Amino acid sequence: MKYITLADHAVRTYAPDKIFTASQKAKADIAGLGEDAVINSTLGECIDDEGKLMVLPTVEKMLRSMPVEEMCSYAPIAGIPGFNEAVQISLFGEISKRFHVESVPTPGGCGALRHAVWNFLDNGDAMLTTDWFWGPYRNICEEHGRFLKSFEMFNDQNTFHIEAMDKAVGELLSQQKQLLLALNTPANNPTGYSMTKEEMDQVIAVLRRYALEYPDKKLTLCLDASYIDFDAGFCESREIFESIHDMPENMMVLVIFSMSKSYTMCGMRCGAFVCLGETAEAAQEFKAAMSYSSRSVWSNVIRSAQRVLVDINLNPEVKAQVDQERLEFSNLISKRGKAFYHEAGRIGLSCCPYKHGYFIAVPCENPDKVAEYLCRKHVYVVPQAKGLRFSPCAVTMEKCLRAPELIKEAIQNVGD
């Protein structure tokens, strides 16, 4: 292998990212045929009925009026003053009285997941998640010398498969000294499923039981709550946090928070990795370890997005305005998603259970071939291991109603 000096671990096969590849094909198709002729259901961005990116008006106003010094100067590694408080208010509506909360800014939710994989697993360990998951979960694990294992997400009643999770947790704990369980809820990517408080109660009960059974092992639950503000109402979407209490000493609960979604700032790449600590000491140790990790990877995170987060959440009047703006976006996307879901049910196209959010999953055989077939019909979806991901967040209501029949036709023709 002449003129190539990569380390052995960096020599690997690279396949273009399916999401961005499909998006580029769709955009090229739109350029040739026009917006109306193409259904571009690829990226996780809010698109209005005119095909334009939806950005919260108050967020846009803040960014456009921000002094250049504030926009371009470095931010502290652990976040600008008020960042941790702003994250808590955004997540809980107030400074938490139930947890000792510490957080560090990250480049989007993706950066927070990276910190989880690197800091809460040993080399060669596996992270556990559901079998419907965001594709980069696997990439991030493998990039850092870890692996990904999954369990069946849905049972026969189309609710969360707690028994499958229980079995998978037990198997992993028999093989490694640390467990990292990542659950993407509410408004799961790619299914749009939101776990209920009762389901989260069961998850916590299982983890608590294993923590007591294996006192020499460490168990971490990481809630990827990137889409929490595009779920149901504020209070209902936060009910899962009520399940978290009285954790054994060898357990920790973490949260992934994304400004890409909650504040429509996808390209700004800002989020937070959050610890819901049982003690102040545990939360402070988390903060120190994550800050060290941040300094070693990306140093610090974009200041302007942190400033927007702080200025919104530490001003009740501004926060109320932004909450109302976001609610309008969320309601529009949920209406689109439910329109697709109900039309799919009407024509007999099977979907994973959808509640809210950016995405819907359609189980099928040969998803890559089905996606290729749909491309020829000018319909662009994201093929995944177990089916297709459709993005109502990026598609008009009319196209959400039109797409199920086209997808059903593609699945049937590829099967034939």
Side-chain angles (χ1 to χ4, degrees), residues 44-47 54 56 59 87-94 96 108-109 112-113 129-130 132-134 153-154 158-160 182-204 221-244 253-266 271-272 274 276 309 312-313 319-320 322-342 351-361 389-395 400:
E45 292 181 326
C46 300
I47 304 298
M54 295 165 62
L56 295 170
V59 169
V87 168
Q88 293 179 65
I89 293 169
S90 191
L91 277 176
F92 309 122
E94 59 185 7
S96 177
L113 181 64
T129 192
T130 57
W132 287 98
F133 60 87
W134 182 52
M153 184 172 179
F154 299 113
N158 265 342
T159 58
F160 186 78
L183 297 178
N184 178 204
T185 190
N188 170 267
N189 176 2
T191 67
Y193 186 78
S194 297
M195 293 177 63
T196 65
K197 180 183 179 298
E198 290 70 28
E199 289 171 333
M200 190 58 65
D201 285 342
Q202 292 177 313
V203 168
I204 296 297
L221 171 62
C222 182
L223 296 176
D224 183 351
S226 295
Y227 298 89
I228 193 167
D229 285 311
F230 286 84
D231 185 48
F234 186 93
C235 293
E236 183 180 346
S237 64
R238 272 69 176 175
E239 286 181 349
I240 56 173
F241 296 127
E242 297 175 11
S243 303
I244 303 165
V253 178
L254 311 173
V255 179
I256 292 174
F257 168 75
S258 172
M259 288 188 68
S260 300
K261 308 303 182 294
S262 290
Y263 294 87
T264 61
M265 300 172 72
C266 300
V274 187
L276 307 185
L309 182 74
I312 288 173
N313 286 283
K319 182 181 184 301
V322 171
D323 287 346
Q324 182 58 41
E325 293 169 359
R326 188 192 300 111
L327 181 61
E328 293 175 10
F329 285 18
S330 178
N331 286 342
L332 173 62
I333 291 170
S334 287
K335 286 178 182 177
R336 290 175 181 172
K338 289 176 181 178
F340 178 100
Y341 189 68
H342 291 147
C351 298
C352 291
Y354 172 85
K355 294 186 179 179
H356 295 279
Y358 279 40
F359 307 112
I360 293 177
R389 189 186 81 174
F390 184 88
S391 305
C393 62
V395 177
C400 282

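One-based numbering along the sequence shown. These numbers come from a predicted model, not from an experiment.
F359 has its ring centre less than 6.0 Å from the ring centre of Y227.
Looking at T129, its side chain does come within 3.5 Å of a backbone N or O of A182 through a donor-acceptor pair. In this structure, the side chain of R336 engages the main chain of C393 through a donor-acceptor pair within 3.5 Å. Not one N or O on the side chain of S226 forms a donor-acceptor pair closer than 3.5 Å with the backbone of S258.
Interatomic distance, SG of C266 versus CE of M259, reported as 11.0 Å (0.5 Å rounding). Here the CG-CZ distance, from D323 to F234, works out to 7.0 Å after rounding to the nearest 0.5 Å. Note that the OG atom of S96 and the CD1 atom of I89 stand 11.5 Å from one another [nearest 0.5 Å]. A distance of 10.0 Å separates CZ of F390 from SG of C351, quoted to the nearest 0.5 Å. For the atom pair CD1 of I228 and CG of L223, the computed distance is 8.5 Å after rounding to the nearest 0.5 Å. Atoms CG and CD1, from L113 and I256 in turn, are 4.5 Å apart once rounded to the nearest 0.5 Å.
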**Prompt:** Which is it for M195 and V203 under the side-chain contact (heavy atoms from CB on, under 4.5 Å) test, yes or no, and what are the steps along the way?
**Reply:** CA-CA 10 Å; M195 293 177 63; V203 168; 3.6 Å; yes
Would Y193 and C352 count as a side-chain contact (heavy atoms from CB on, under 4.5 Å) here? Give the steps. CA-CA 8 Å; Y193 186 78; C352 291; over 6 Å; no
Next on the checklist: F133 vs N184, test: side-chain contact (heavy atoms from CB on, under 4.5 Å). Steps then yes/no.
Outcome noted: CA-CA 8 Å; F133 60 87; N184 178 204; over 6 Å; no
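Among residue pairs with one or both ends in residues 183-199, those qualifying as salt bridge (Lys or Arg N to Asp or Glu O under 4.0 Å) are K197-D201; sequence neighbours excluded.
Considering every non-hydrogen atom in both P392 and I360, the closest pair reads CD-N, 4.2 Å. Among all heavy-atom pairs drawn from S334 and H356, the shortest one is OG-ND1, 3.1 Å. Taking all atoms of both residues into account, the shortest heavy-atom contact from L183 to F160 is CD2-CZ, 4.1 Å. Between Y354 and K338, the shortest heavy-atom contact is CE2-N, 3.7 Å. Heavy-atom minimum distance, M200 versus T185: CE-CG2, 4.0 Å. Across all their heavy atoms, S237 and I240 have their closest contact at O-CG1, 4.0 Å.
Taking 4.5 Å as the limit, some side-chain heavy atom of F241 sits within range of a side-chain heavy atom of L276. Side-chain contact between T159 and T196 is absent, with no heavy-atom pair separated by less than 4.5 Å.
Using a 3.5 Å distance cut-off with no hydrogens or angles, the side chains of Y358 and N189 do not pair a donor with an acceptor.
Applying the salt bridge (Lys or Arg N to Asp or Glu O under 4.0 Å) criterion to D229, with sequence neighbours excluded, gives R238.
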